[in-house]
Q: 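Can you keep this structure in mind? I'll have questions shortly.
Letters A, B, ... are given to chains in the order of the sequence lines, protein chains preceding strands, and every chain is numbered from 1.
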Amino acid sequence: MITPAQRLELSEQEILRRESLEALKELGINPYPAEKYDISHSSTEIKERFNDDEDFGEVSIAGRIMGRRIMGKASFAEMLDGSGRIQLYVNRDELCPGEDKTLYNTVFKKLLDIGDFVGVTGKVFRTQMGEISVEVKTLTVLSKAIKPLPIVKEKDGQVYDSFSDPELRARQRYVDLVVNAGVKETFVKRTKIINSIRSFFNEKGYLEVDTPVLQPIPGGAAARPFITHHNTLDIPLYLRIANELYLKRLIVGGFDGVYEFSRNFRNEGMDRTHNPEFTAMEIYVAYKDYNWMMDFTEAMLERVALDVNGSTTMKVGDQEINFQRPFKRISMIDAIKEHTGIDINGMDVPQLREVCDKLEVEIDDTMGKGKLIDEIFGEKCEHTYIQPTFITDYPVEMSPLCKKHREDPELTERFELMINGKEIANAYSELNDPIDQLERFQEQMKLADKGDDEAMFIDMDFVRSLEYGMPPTSGMGIGIDRLVMLITGMETIQDVLLFPQMRPEKGAEKDAVSKYTEAGIPEDWVAVIQKAGYRTLSSLKDAKPGKLHQEVCGLNKKHKLGLTNPKLDEVEGWLA
RNA sequence: GAGUCAGUAGCUCAGCUGGUAGAGCACAUCCCUUUUAAGGAUGGGGUCCUGGGUUCGAACCCCAGCUGACUCACCA
């Protein structure tokens, strides 16, 4: 039954659907049956395998009704299953060969709606318009939708009435996935990308591992962590900002190659490229250096492009990006020289500040040498690298976990991979000198004291592990969400996350029904009073009895609530 | 955190200089032949984000707030 309170809260269409739901039950049809429904084909299988010269035979398919075109005793409907859409042809006398035409006239034409799940069996054929369709012999209601879906129609690539509000799309991803073509495909691709990377690593014999998400010291990156608390231990714990230090401990422990797809958490801003939780993949391989890792990374990405797109080239916006090996390699200092004509090699902090002023690069007083160079690069060079390019040899101050360059102690053996003007991967010859590592951590602490709230914490257990000896190792990290954005051509991280973080939905505040009844207002009328705008008991204080009386009587009539209107003096009593 | 713009029917959006709230799709009723973003006719559906203010009169103007989008700054 639909209660008066529901009648007030639901839209007309929702009420109609609930009434259809009741009507189905009265006909003895369970709108939410428990039994499984056997499916013989997916819609795409049917469309792929249908051949006009052969009898396809009977099929059994199930999915959502996404559109209906009803014409007397014959109708067409569109069914959406997990693989795509297929047209159904529903003929009254095929579906109901006997005298009783209820299933067609009442159930199909009146009680079913767009969004409902049904299963059908029937024969595959091609209509006069040339569309491969299923002629429905049996129809089973599998699940009734009591909320109408947005209707999105499409013809020749032109989309009509698209469900486009970015907030609603992300908040109600289930609706987005159902009605917007291509959304599913993005997420299928995401999984394909991850699977491709995983098989590439597994084929090389590297081991996928799990390391702690709850960490006593949030290490391995410079970022503000989420803090939580463990009751039994009575200690603070942090959600991981990176898994690097744990993977390196495993290299100390004797694994030759380990990797992890790591959900990381950073308590920082949110925008089109940042979500509080995101996925990074990190891999560490013993006895390798960053030159080897560049070759390896190239091979991995070429493989991913081939696995996912079937080609090493892909269009991103106006650009065509080529993942064919080898990628361009250039040192950071050379990149800056190339784009600004200035050779910063060997410059000290005052000189670098001068360069920044000259290039109109914004800086502040807390910035050290590494940060200054990074600013110049970020401002003048980064965005120009459209084709995959390795930028190598970063300043030592920026890379506290990275080994110093074999030829220049001012630099580190680090590379970042730029594609389409953005950083996609980051890799080092890992620092395995425990004494150097401790000093670098201490440098970070000094930065923290200077006000850099992203400087790293010191993880003494990690330093201890290095003291036991870590083989020369190269590690690489890749931002999976951003890689997926690149490969799927999506412009925001929200488009490649199924459930991006959102501000909580806030319903308008309302007092509980009991608060009203305690004040002597009959329960039946509470929802009506709230609908009239008096959502809290206190807001009712200033109400004029005459006006309130008219309002509630009006709502009773308008929404066909079937309540007996109160007398004016009764309403006065509510306000007393 | 700053700036710009937006919030009107279930969805997408009009709404002029302040003067009775609109369209398409969806929905309902009726008609109907294998139709295809089906068609025809008729109809129902609104807290114009919220609260103040100005005004004879506010969806529209002013102020405050809420929510969102975009741009910028920081982080991946």
Q: Could you let me know what B:G3 is paired to, Watson-Crick or G-U wobble, both distances under 3.5 Å, or none if it's on its own?
A: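 For B:G3, the partner nucleotide comes out as B:C70, under the 3.5 Å rule.
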Q: Could you tell me the Watson-Crick or G-U partner of B:U50, where both distances fall under 3.5 Å? Say none if there is no partner.
A: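 Its partner is B:A64 (Watson-Crick or G-U wobble, both distances under 3.5 Å).
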Q: Under a 3.5 Å cut-off for both contacts, is B:A23 paired Watson-Crick or G-U wobble with anything, and if yes, with which nucleotide?
A: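 B:A23 is paired, partner B:U12.
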Q: Take atom CG of A:Asp495 and atom P of B:A69, then tell me their distance rounded to the nearest Å.
A: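 About 12 Å, once rounded to whole Å.
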Q: Counting Watson-Crick and G-U wobble pairs only, both distances under 3.5 Å, name the nucleotide matched with B:U29, or none.
A: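 Per the H-bond distance test, B:A41.
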Q: Over 60° means perpendicular and under 30° means parallel, so classify the ring planes of A:Phe265 and A:Phe226, tilted if in between.
A: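 Rings of A:Phe226 and A:Phe265: perpendicular, over 60°.
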Q: In terms of side-chain heavy atoms of A:Met71, which of B:G10, B:G68, B:U35 is nearest?
A: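 For A:Met71, the side-chain atoms sit closest to B:U35.
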Q: Grab the CD-C1' distance between A:Gln128 and B:U33 for me, whole Å please.
A: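 The answer, rounded to whole Å, is 10 Å.
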Q: Please report the closest heavy-atom contact between A:Glu430 and A:Leu401, naming both atoms and the distance.
A: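 Closest pair (atom of A:Glu430, atom of A:Leu401, distance): OE1-O, 3.6 Å.
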Q: Ignoring the backbone of A:Arg266, work out which of B:U36, B:U34, B:C75 is nearest its side chain.
A: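 Nucleotide nearest to A:Arg266's side chain: B:C75.
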Q: Could I get the full list of side chain to side chain contact (heavy atoms under 4.5 Å, CB included) partners for A:Thr492, not counting sequence neighbours?
A: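 Partners of A:Thr492 by the side chain to side chain contact (heavy atoms under 4.5 Å, CB included) criterion, ordered by chain and then number, come out as A:Arg272, A:Gln494, A:Asp495.
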Q: Tell me the interatomic distance from A:Asp93, atom CG, to B:U33, atom C1', rounded to whole angstroms.
A: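 My rounded result for the distance is 14 Å.
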Q: Under a 3.5 Å limit for both distances, which nucleotide forms a Watson-Crick or G-U wobble pair with B:U34, could you say?
A: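 With both distances under 3.5 Å required, B:U34 matches none.
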Q: Can you measure A:Ile151 atom CD1 to B:C27 atom C1' for me and round it to whole angstrom units?
A: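 That distance rounds to 10 Å.
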Q: Any N or O donor-acceptor pair under 3.5 Å from the base of B:U35 to the side chain of A:Thr127?
A: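 Such a pair exists between side chain and base.
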Q: Give the rounded distance in Å between these two atoms: CD of A:Glu268 and P of B:A73.
A: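 Atom-to-atom, A:Glu268 to B:A73, this comes out as 16 Å.
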Q: By nearest nucleotide on RNA chain B, pick out whichever of A:Tyr89 and A:Asp374 is the more 5' one.
A: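 Result of the comparison: A:Tyr89.
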Q: Which heavy atom in A:Arg92 sits nearest to a heavy atom in A:Asn105, and how many Å separate them?
A: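 So the two residues come closest at CD-OD1, 3.9 Å.
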Q: For A:Glu14 and B:A9, what is the distance between atoms CD and P respectively, to the nearest whole Å?
A: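 A:Glu14 atom CD is separated from B:A9 atom P by 14 Å.
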Q: Rounded to whole angstrom, note down the C1' distance from B:C66 over to B:C49.
A: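 Roughly 7 Å separates the two C1' atoms.
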Q: Report the distance from atom NZ of A:Lys110 to atom P of B:A28, rounded to the nearest whole Å.
A: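 Computing the A:Lys110:NZ to B:A28:P distance gives 9 Å.
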Q: In whole angstroms, how far is the P atom of B:C72 from the CZ atom of A:Arg272?
A: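 Atom-to-atom, A:Arg272 to B:C72, this comes out as 8 Å.
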Q: What is the nucleic acid contact for A:Ser75, judged by heavy atoms within less than 4.0 Å: base, sugar-phosphate only, or nothing?
A: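 Nothing, no heavy atom under 4.0 Å.
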Q: Mapping A:Leu168 and A:Glu131 onto RNA chain B by nearest heavy atom, which one lands closer to the 5' end?
A: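 First, find each residue's nearest nucleotide; the 5'-ward one identifies A:Leu168.
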Q: Considering only the P atoms, how many Å lie between B:G40 and B:G24, rounded to the nearest integer?
A: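 It comes out at 10 Å once rounded to the nearest Å.
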Q: Report yes if a donor N or O on one partner sits less than 3.5 Å from an acceptor N or O on the other, where the partners are the side chain of A:Asp271 and the base of B:C74; otherwise report no.
A: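 Checked by distance alone, the answer is yes.
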Q: Verify the ring-centre separation between A:Phe261 and A:Phe201: is it less than 6.0 angstrom?
A: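 No - the distance between ring centres of A:Phe201 and A:Phe261 does not fall below the 6.0 Å cut-off.
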